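Below, chains carry the letters A, B, ... as their sequence lines are ordered, and counting in each starts from 1. Please read all numbers here as calculations on a predicted model, not as lab measurements.
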Amino acid sequence: MKARCKQDALFDFINFLYIIAMIVIFAFPLIFIFCASISDQNAVWQGKVWLWPVGPSFAGYKRIFEYKDIWLGYRNTIVYTLSGTLLNVIMTICAAYPISRKDFKAGPALTTFYLATMFFNAGIIPNYLLIKSLGLLDSFWVMILPGAVGVWNVIVTRTFFRSNIPNELREAAAIDGCSNFRLLIKIILPLSSAILAILTLFYGVSHWNAYFNALLYLKTRTRFPLQLILREILIINTSLIDPESLSGSASERQTIVESIKYGVIIVSSLPLLIAYPFVQKHFVKGIMVGSLKG
Amino acid sequence: MKVLVSKPKVIAIKNPPSLLKDFKLNYELYILSIPVVIYYLIFHYFPMYGLQIAFKDFKANLGIWGSPWIGFEHFIRFFKSYNFWALIQNTLGISLYQLLLGFPMPIIFAVMVNEFRYKSLKKGVQMLSYAPHFISTVVMTGIIIAFLAPRTGVINQLRGVLGHGSIDFLSRPDLFKSIFVTTNIWQNMGWDSIIYFAALSSIDMEMCEAASIDGASKFQRVWYINIPSIMRVAVILLIMNCGRLMDIGFEKIFLLQNPLNMQSSDVISTYVYRAGILGAQYSFSAAVGLFNTIVNVILLLTVDKISRSVSEYGLF
């Protein structure tokens with residue numbers, strides 16, 4: 001009995017150390033970025049900033065406010081995210097509801113038709129040629145049409161409909177003479193707010209964070225989403241930055257870009273940071289629904 | 001009584017035998033499906049038709065159909081090219097590294113956090129660990145570059161405090177794979193652990209109590225009850241991951257690449273992008289991409305077979 005208590009105490013101790021280590025590993029980078037964004041930049045470079053801002057200075061944020069491209073990118077990303085997510089949710093419901101109905105004859109065939117694309121992807125070159133021949137290159141639509149439906153989300157939604165909407169409800173409505181459209185809009189969708197929230201969040205985040213399609217298909221700077229502008233600031237530095245949006249010589253611009261890096265990270269993630277604590281449980285729920293095999 | 005009531009219903013559902021009747025009854029469901037089918041035809045099935053350029057000498061003015069066939073020439077050129085083995089090695093190397101190191105981490109994390117006694121802190125750690133998942137690839141790469149910057153980056157400053165010299169991490173080919181994999185783990189470990197938390201929460205508490213009465217220590221309970229009960233989920237996920245070995249995402253690798261670390265960071269997807277989009281060798285890169293896809297599909301199907309025989313669960 002005593003040996004067991006000792007063992008348990010050791011286990012608890014190791015467990016405690018592990019949890020503390022994890023908290024440090026996850027929290028330190030986030031805290032550091034926040035502190036560095038409101039610290040004096042020279043202090044950051046000299047390594048004086050660790051877990052507390054040094055000589056609080058909002059010069060970086062002031063520069064970000066004056067940086068036109070960031071706000072243009074911000075606006076574009078908001079437009080792409082809102083319109084793209086709306087299209088995504090509608091299309092996903094259109095795809096998932098019919099195949100969730102066991103009495104729908106074409107259901108299994110359609111499911112296979114959708115699922116097959118998950119495993120056999122033509123690759124970026126044929127896709128690029130397609131976008132080019134459709135005349136979508138460098139247009140607004142190229143940011144929302146190519147990813148209009150995600151197969152995985154369709155499957156999650158189908159599973160939700162099957163497991164959460166009792167079949168009797170549909171049958172009762174059908175006997176009362178309710179058409180399929182009315183059934184979907186008046187009965188099923190109001191009962192599906194959980195899955196609608198999950199879909200909106202998953203699609204919304206992926207639009208907010210996407211850069212690959214923009215990199216491939218957009219050429220005009222005024223259409224660039226925020227992530228492409230961030231790429232210039234955070235990754236490739238000043239060489240590609242438009243001289244018109246930032247004045248001064250190359251080295252001055254380099255200094256400015258260096259000084260706004262951490263602030264830009266915070267500003268670009270702000271909507272997610274604010275929403276995250278409130279919507280976190282919906283994401284987790286989404287994973288749970290998805291892990292059920294329907 | 002119940003059976004008697006439900007029987008006619010079943011007959012009513014199974015009654016319409018033909019597609020035509022189903023179409024009459026459920027025409028609205030067909031209408032709903034039309035936009036989705038059109039979307040898939042245009043954006044997913046039409047590019048498959050375009051894939052034929054991998055076997056053709058594609059000329060923009062002749063179009064996909066009009067360009068002359070040249071058979072497997074592009075494939076042979078790729079197999080014989082000097083960086084073929086380097087690309088395969090990098091692609092598989094990064095994936096395997098990711099699998100070996102990244103796969104056990106969420107399991108350990110879930111098991112450890114699950115045993116933690118302080119409820120509020122437990123929730124806090126979980127929430128904190130999911131957060132990095134939502135950081136965009138661009139921002140994540142930006143953070144990596146800023147943290148690893150020579151001299152001014154926080155990692156090098158930490159090394160300075162400990163009395164080590166500064167390292168230019170991202171220009172060292174030998175460190176690239178480790179940087180890529182560890183930052184991936186940081187970003188996704190918490191998120192990937194959600195499914196294990198779900199499996200752990202479905203363990204019968206009575207089993208743990210019985211074990212504890214029988215004199216099992218905490219470690220023994222974790223080892224003989226918790227771990228075996230999440231094993232099934234783990235095996236399925238492991239098999240699924242094996243099917244994706246040739247399929248590492250383009251986005252992060254591409255952003256972390258620079259001319260100095262190229263020799264260990266160049267993978268098939270970035271090579272296709274460079275040769276195809278930047279170099280406009282459409283046919284050749286389509287062939288390289290197709291080769292990758294075919295290897296992927298073969299891997300997936302093999303893995304699905306194995307999965308079905310081991311766990312009764314297929315992937316599809």
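At a 4.5 Å heavy-atom cutoff, the contact between Tyr30(B) and chain A is made by backbone and side-chain atoms alike. Proximity to chain A (any heavy atom under 4.5 Å) is shown, for Phe197(B), by neither the backbone nor the side chain. Proximity to chain B (any heavy atom under 4.5 Å) is restricted, for Leu136(A), to the side chain, taken from C-beta onward. For a residue to count as touching a neighbouring chain, one of its non-hydrogen atoms must lie under 4.5 Å from one of that chain's; by this rule Val288(B) does not touch chain A. For Leu230(A), the parts sitting under 4.5 Å from any heavy atom of chain B are the backbone and the side chain alike. In this structure, the portion of Ala216(B) lying under 4.5 Å from any heavy atom of chain A is its backbone and not its side chain. Within the 4.5 angstrom heavy-atom criterion, atoms from both the backbone and the side chain of Leu51(B) approach chain A. Looking at Tyr114(A), both its backbone and its side chain come within 4.5 Å of chain B, counting heavy atoms on both sides. Contact annotation for Phe134(B): both backbone and side-chain heavy atoms come within less than 4.5 Å of a heavy atom of chain A. With a threshold of 4.5 angstrom between heavy atoms, Pro132(B) approaches chain A through side-chain atoms but not through N, CA, C or O. Contacts between Leu158(B) and chain A at a heavy-atom distance below 4.5 Å involve backbone atoms as well as side-chain atoms. When heavy atoms are compared at a cutoff of 4.5 Å, Asn296(B) does not approach chain A at all.
Counting only heavy atoms from C-beta outward, the side chains of Val44(A) and Thr152(B) never approach each other to under 4.5 Å. Looking at Met112(B) and Met22(A), their side chains never come closer than 4.5 Å, going by heavy atoms from C-beta outward. Proximity of Tyr273(B) to Leu216(A): side-chain heavy atoms (C-beta onward) are separated by under 4.5 Å at one or more points. With a 4.5 Å cut-off on side-chain heavy atoms, Val139(B) and Ser268(A) count as touching. Counting only heavy atoms from C-beta outward, the side chains of Val149(A) and Phe43(B) never approach each other to under 4.5 Å. Side-chain contact between Thr137(B) and Gln227(A) is absent, with no heavy atoms from C-beta onward closer than 4.5 Å. Annotation: side chain of Glu115(B) is not in contact with side chain of Tyr18(A) (no heavy-atom distance under 4.5 Å). Side-chain contact between Gln157(B) and Trp50(A): present, with at least one pair of heavy atoms (C-beta onward) separated by less than 4.5 Å.
A distance of 6.0 Å or more separates the ring centres of Phe254(B) and Phe212(A). Between Tyr130(B) and Tyr276(A), the ring center distance fails the sub-6.0 Å criterion.
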**Q.** Chi angles and distances behind the side-chain contact (heavy atoms from CB on, under 4.5 Å) call for Leu129(A), Phe46(B)
**A.** CA-CA 10 Å; Leu129(A) 293 177; Phe46(B) 185 75; over 6 Å; no
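The backbone N or O of Ser217(B) sits nowhere less than 3.5 Å from a side-chain atom of Gln7(A) that would complete a donor-acceptor pair. Under a 3.5 Å cut-off, the side chain of Tyr97(A) and the backbone N or O of Leu29(B) do not form any donor-acceptor pair. Checked by atom type and distance alone, the side chain of Tyr128(A) never pairs as donor or acceptor with a backbone atom of Gly276(B) at under 3.5 Å.
Within the model, atoms CG of Leu255(B) and CG of Leu234(A) stand 10.0 Å from one another, a figure rounded to the nearest 0.5 Å.
Note on Asn292(B), Ile194(B), Val222(B): by heavy-atom pairs under 4.5 Å with chain A, the leading option is Ile194(B). Ranked by heavy-atom pairs under 4.5 Å with chain B, the list Leu145(A), Leu134(A), Val49(A) is led by Leu145(A). When each of Asp12(A), Ile265(A), Ile23(A), Leu10(A) is checked for heavy-atom pairs under 4.5 Å with chain B, Asp12(A) comes out on top. Interface check for chain A: of the options Arg221(B), Lys122(B), Met48(B), the most heavy-atom pairs under 4.5 Å are formed by Met48(B). Across Ile277(B), Ile145(B), Ile34(B), the residue that shares the most heavy-atom pairs under 4.5 angstrom with chain A is Ile277(B). Top candidate by heavy-atom pairs under 4.5 Å with chain A, chosen from Ile144(B), Val154(B), Val125(B), is Val154(B).
The shortest heavy-atom contact between Asp8(A) and Lys218(B) is OD1-N, 2.8 Å. Contact detail for Tyr211(A) and Glu251(B): the closest heavy-atom pair is OH-O, 3.0 Å.
Below 30°, between 30° and 60°, or above 60°: for Tyr40(B) and Phe113(A) the angle between ring planes is above 60°, a perpendicular geometry.
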